[in-house]
Amino acid sequence: KAGVTQTPRYLIKTRGQQVTLSCSPISGHRSVSWYQQTPGQGLQFLFEYFSETQRNKGNFPGRFSGRQFSNSRSEMNVSTLELGDSALYLCASSLGTTPETQYFGPGTRLLVL
Amino acid sequence: TQLLEQSPQFLSIQEGENLTVYCNSSSVFSSLQWYRQEPGEGPVLLVTVVTGGEVKKLKRLTFQFGDARKDSSLHITAAQPGDTGLYLCAGENDYKLSFGAGTTVTVRA
(Lines give C-alpha, C1' and ligand atoms only; values in the text may rest on other atoms or scores of the structure.)
Protein backbone atom coordinates (compact mmCIF):
# COMPACT_ATOMS: atom_id res chain seq x y z
CA LYS A 1 0.00 0.00 0.00
CA ALA A 2 1.36 3.42 -0.92
CA GLY A 3 1.89 5.83 1.94
CA VAL A 4 0.73 9.40 2.37
CA THR A 5 2.16 11.71 -0.26
CA GLN A 6 2.54 15.47 -0.05
CA THR A 7 3.39 17.96 -2.74
CA PRO A 8 5.41 19.99 -3.09
CA ARG A 9 8.16 18.92 -0.67
CA TYR A 10 9.77 22.35 -0.54
CA LEU A 11 8.40 25.82 -1.19
CA ILE A 12 9.75 29.35 -0.93
CA LYS A 13 7.31 32.25 -0.89
CA THR A 14 7.39 35.92 0.05
CA ARG A 15 5.25 37.74 2.59
CA GLY A 16 1.75 38.52 1.39
CA GLN A 17 1.60 35.67 -1.13
CA GLN A 18 -0.66 32.68 -0.80
CA VAL A 19 0.18 29.00 -1.02
CA THR A 20 -1.66 25.73 -1.62
CA LEU A 21 -0.34 22.41 -0.33
CA SER A 22 -1.62 19.03 -1.43
CA CYS A 23 -2.00 15.71 0.37
CA SER A 24 -2.96 12.28 -0.99
CA PRO A 25 -3.96 9.87 1.80
CA ILE A 26 -3.46 6.14 2.02
CA SER A 27 -6.00 4.31 -0.13
CA GLY A 28 -9.16 3.63 1.86
CA HIS A 29 -8.49 6.34 4.44
CA ARG A 30 -11.28 8.88 4.73
CA SER A 31 -9.77 11.27 7.25
CA VAL A 32 -7.00 13.78 6.59
CA SER A 33 -5.48 15.97 9.30
CA TRP A 34 -3.08 18.86 8.86
CA TYR A 35 -0.39 19.99 11.30
CA GLN A 36 2.14 22.77 11.50
CA GLN A 37 5.49 21.90 13.03
CA THR A 38 7.99 24.51 14.20
CA PRO A 39 10.98 24.22 16.55
CA GLY A 40 9.35 26.52 19.10
CA GLN A 41 5.76 25.22 19.10
CA GLY A 42 6.15 21.60 18.09
CA LEU A 43 3.29 19.89 16.27
CA GLN A 44 0.18 22.06 16.23
CA PHE A 45 -3.13 20.77 14.90
CA LEU A 46 -4.66 22.82 12.09
CA PHE A 47 -7.78 20.93 11.02
CA GLU A 48 -9.19 17.54 10.13
CA TYR A 49 -11.44 16.54 7.26
CA PHE A 50 -13.56 13.43 7.13
CA SER A 51 -15.64 12.56 4.06
CA GLU A 52 -15.25 16.09 2.66
CA THR A 53 -16.42 17.78 5.89
CA GLN A 54 -14.27 19.63 8.39
CA ARG A 55 -14.72 17.65 11.59
CA ASN A 56 -12.16 19.32 13.84
CA LYS A 57 -10.37 22.65 13.86
CA GLY A 58 -7.38 23.95 15.78
CA ASN A 59 -6.63 27.47 16.95
CA PHE A 60 -5.24 29.02 13.80
CA PRO A 61 -6.37 32.25 12.10
CA GLY A 62 -8.77 32.21 9.18
CA ARG A 63 -5.85 32.64 6.77
CA PHE A 64 -5.42 28.90 7.10
CA SER A 65 -8.08 26.92 5.29
CA GLY A 66 -8.49 23.52 3.77
CA ARG A 67 -10.76 21.25 1.85
CA GLN A 68 -11.16 17.61 1.00
CA PHE A 69 -12.27 16.13 -2.28
CA SER A 70 -14.49 13.13 -2.93
CA ASN A 71 -11.43 10.92 -3.49
CA SER A 72 -10.20 11.94 0.04
CA ARG A 73 -7.33 14.00 -1.33
CA SER A 74 -6.94 17.23 0.60
CA GLU A 75 -5.53 20.66 0.05
CA MET A 76 -4.48 23.30 2.53
CA ASN A 77 -4.32 26.98 1.68
CA VAL A 78 -2.57 29.80 3.50
CA SER A 79 -3.34 33.32 2.37
CA THR A 80 -1.41 36.52 3.06
CA LEU A 81 1.69 34.68 4.19
CA GLU A 82 3.64 35.95 7.20
CA LEU A 83 7.24 35.23 8.18
CA GLY A 84 5.95 33.18 11.12
CA ASP A 85 4.21 30.77 8.75
CA SER A 86 7.59 29.25 7.89
CA ALA A 87 7.28 25.68 9.08
CA LEU A 88 7.02 22.03 8.16
CA TYR A 89 3.41 21.30 7.22
CA LEU A 90 2.43 17.70 7.80
CA CYS A 91 -0.55 15.82 6.56
CA ALA A 92 -1.75 12.62 8.19
CA SER A 93 -4.39 10.16 7.06
CA SER A 94 -6.46 7.67 9.00
CA LEU A 95 -9.58 5.57 8.74
CA GLY A 96 -11.38 8.20 10.78
CA THR A 97 -12.49 5.82 13.48
CA THR A 98 -11.34 5.40 17.06
CA PRO A 99 -8.56 4.66 17.88
CA GLU A 100 -7.40 7.51 15.70
CA THR A 101 -4.15 6.05 14.44
CA GLN A 102 -2.68 8.53 11.97
CA TYR A 103 -0.08 7.94 9.28
CA PHE A 104 2.00 10.92 8.31
CA GLY A 105 3.36 12.09 5.01
CA PRO A 106 6.90 13.46 4.63
CA GLY A 107 5.71 17.06 4.93
CA THR A 108 6.06 20.26 2.94
CA ARG A 109 8.80 22.60 4.08
CA LEU A 110 7.57 26.18 3.60
CA LEU A 111 9.94 29.11 3.86
CA VAL A 112 8.45 32.61 3.85
CA LEU A 113 10.87 35.44 3.06
CA THR B 1 1.18 25.27 26.70
CA GLN B 2 1.18 21.63 25.65
CA LEU B 3 -1.67 19.37 26.69
CA LEU B 4 0.87 16.57 27.02
CA GLU B 5 4.16 17.07 28.86
CA GLN B 6 7.08 14.93 27.77
CA SER B 7 10.22 14.39 29.79
CA PRO B 8 13.07 14.58 29.47
CA GLN B 9 13.34 17.04 26.61
CA PHE B 10 16.76 15.67 25.57
CA LEU B 11 18.43 12.34 26.24
CA SER B 12 21.92 11.29 25.16
CA ILE B 13 23.07 7.79 26.00
CA GLN B 14 25.68 5.24 25.00
CA GLU B 15 24.81 2.28 22.79
CA GLY B 16 23.62 -0.63 24.91
CA GLU B 17 22.11 1.49 27.69
CA ASN B 18 18.42 1.62 28.53
CA LEU B 19 16.21 4.70 28.41
CA THR B 20 12.70 5.76 29.41
CA VAL B 21 10.64 8.63 28.04
CA TYR B 22 7.59 9.88 29.91
CA CYS B 23 4.39 11.47 28.65
CA ASN B 24 2.04 13.03 31.22
CA SER B 25 -1.23 14.93 31.14
CA SER B 26 -4.07 16.01 33.38
CA SER B 27 -6.50 14.98 30.63
CA VAL B 28 -7.93 11.54 29.98
CA PHE B 29 -7.43 10.17 26.48
CA SER B 30 -9.32 7.49 24.60
CA SER B 31 -6.05 6.31 23.05
CA LEU B 32 -2.42 7.31 22.95
CA GLN B 33 0.11 6.98 20.15
CA TRP B 34 3.89 7.09 20.08
CA TYR B 35 5.77 8.27 17.02
CA ARG B 36 9.41 8.63 16.03
CA GLN B 37 10.48 11.40 13.70
CA GLU B 38 13.78 11.86 11.90
CA PRO B 39 14.97 15.26 10.62
CA GLY B 40 13.10 16.49 7.56
CA GLU B 41 10.61 13.62 7.62
CA GLY B 42 7.12 13.02 8.95
CA PRO B 43 6.54 11.14 12.22
CA VAL B 44 6.38 7.36 11.92
CA LEU B 45 3.87 5.51 14.07
CA LEU B 46 5.40 3.14 16.65
CA VAL B 47 2.36 2.01 18.62
CA THR B 48 -1.22 2.80 19.63
CA VAL B 49 -2.37 1.96 23.15
CA VAL B 50 -6.04 2.00 24.03
CA THR B 51 -6.72 0.29 27.36
CA GLY B 52 -5.75 1.76 30.74
CA GLY B 53 -2.88 -0.27 32.19
CA GLU B 54 -2.02 -1.73 28.79
CA VAL B 55 1.58 -2.76 28.14
CA LYS B 56 2.79 -3.40 24.59
CA LYS B 57 6.18 -4.79 23.67
CA LEU B 58 7.71 -4.37 20.22
CA LYS B 59 11.14 -6.00 20.17
CA ARG B 60 13.30 -3.75 22.41
CA LEU B 61 10.55 -1.14 22.92
CA THR B 62 8.01 -1.35 25.74
CA PHE B 63 5.04 1.01 25.89
CA GLN B 64 2.78 1.47 28.89
CA PHE B 65 -0.53 3.33 29.14
CA GLY B 66 -1.41 4.52 32.64
CA ASP B 67 -4.36 3.03 34.48
CA ALA B 68 -6.19 6.37 34.37
CA ARG B 69 -5.36 6.83 30.65
CA LYS B 70 -3.62 10.15 31.39
CA ASP B 71 0.01 9.16 31.03
CA SER B 72 2.31 6.83 29.18
CA SER B 73 5.92 5.74 29.03
CA LEU B 74 8.26 4.38 26.40
CA HIS B 75 11.17 2.20 27.50
CA ILE B 76 13.97 1.15 25.15
CA THR B 77 16.25 -1.70 26.16
CA ALA B 78 19.82 -1.90 24.89
CA ALA B 79 19.51 1.21 22.73
CA GLN B 80 21.15 1.27 19.32
CA PRO B 81 22.26 4.23 17.15
CA GLY B 82 19.28 3.50 14.89
CA ASP B 83 16.99 4.47 17.80
CA THR B 84 18.16 8.07 17.48
CA GLY B 85 15.33 10.48 16.72
CA LEU B 86 12.55 12.68 18.08
CA TYR B 87 10.01 10.67 20.06
CA LEU B 88 6.52 12.12 20.19
CA CYS B 89 3.51 11.05 22.19
CA ALA B 90 0.00 12.02 21.11
CA GLY B 91 -3.27 11.68 22.99
CA GLU B 92 -6.52 11.22 21.14
CA ASN B 93 -9.99 12.51 21.90
CA ASP B 94 -12.82 12.95 19.38
CA TYR B 95 -10.59 11.93 16.44
CA LYS B 96 -8.15 14.73 17.28
CA LEU B 97 -4.54 14.18 18.33
CA SER B 98 -2.74 16.48 20.76
CA PHE B 99 1.03 16.11 20.68
CA GLY B 100 3.68 16.51 23.31
CA ALA B 101 6.72 18.67 22.53
CA GLY B 102 8.86 15.59 21.99
CA THR B 103 11.99 14.00 23.43
CA THR B 104 15.15 14.12 21.34
CA VAL B 105 17.06 10.87 21.84
CA THR B 106 20.67 10.48 20.73
CA VAL B 107 22.33 7.08 20.99
CA ARG B 108 26.12 7.26 20.65
CA ALA B 109 27.99 4.34 19.12
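Reminder, nothing fancy here: chain letters follow the sequence lines and each chain counts from 1. Values in this document were obtained by computation on a predicted structure and should not be read as measured data.
- For B:Q33, the part lying under 4.5 angstrom from a heavy atom of chain A is the side chain only.
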Given A:S74 and A:R67, is the side chain to side chain contact (heavy atoms under 4.5 Å, CB included) satisfied, shown in steps?
CA-CA 6 Å; A:S74 178; A:R67 59 178 175 168; over 6 Å; no
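- Only the side chain of A:Y35 comes within less than 4.5 Å of a heavy atom of chain B; its backbone N, CA, C and O stay farther away.
- For chain B, the nearby part of A:Q37 is the side chain; its heavy atoms alone come within less than 4.5 Å.
- Heavy-atom pairs under 4.5 Å with chain B were tallied for A:G96, A:A92, A:S94, A:G107; the largest tally goes to A:G96.
- Between A:F104 and B:F99, the ring planes lie perpendicular to each other; the angle is over 60°, past the 30° to 60° tilted range.
- Counting non-hydrogen atoms of other residues, nucleotides and ligands closer than 6.0 Å to CD of B:Q9 gives a total of 12 or fewer.
- Each ring-ring contact (aromatic ring centres under 6.0 Å, His included) pair with one or both residues in residues 59-93 of chain A, not counting sequence neighbours, appears once here: A:F60-A:F64.
- Heavy atoms from other residues, nucleotides or ligands lying under 6.0 Å from CG of A:N71 number more than 12.
- Using a 4.5 Å cut-off between heavy atoms, B:L32 makes no contact with chain A at all.
- For B:L45, the part sitting under 4.5 Å from any heavy atom of chain A is the side chain, from C-beta outward, and nothing else.
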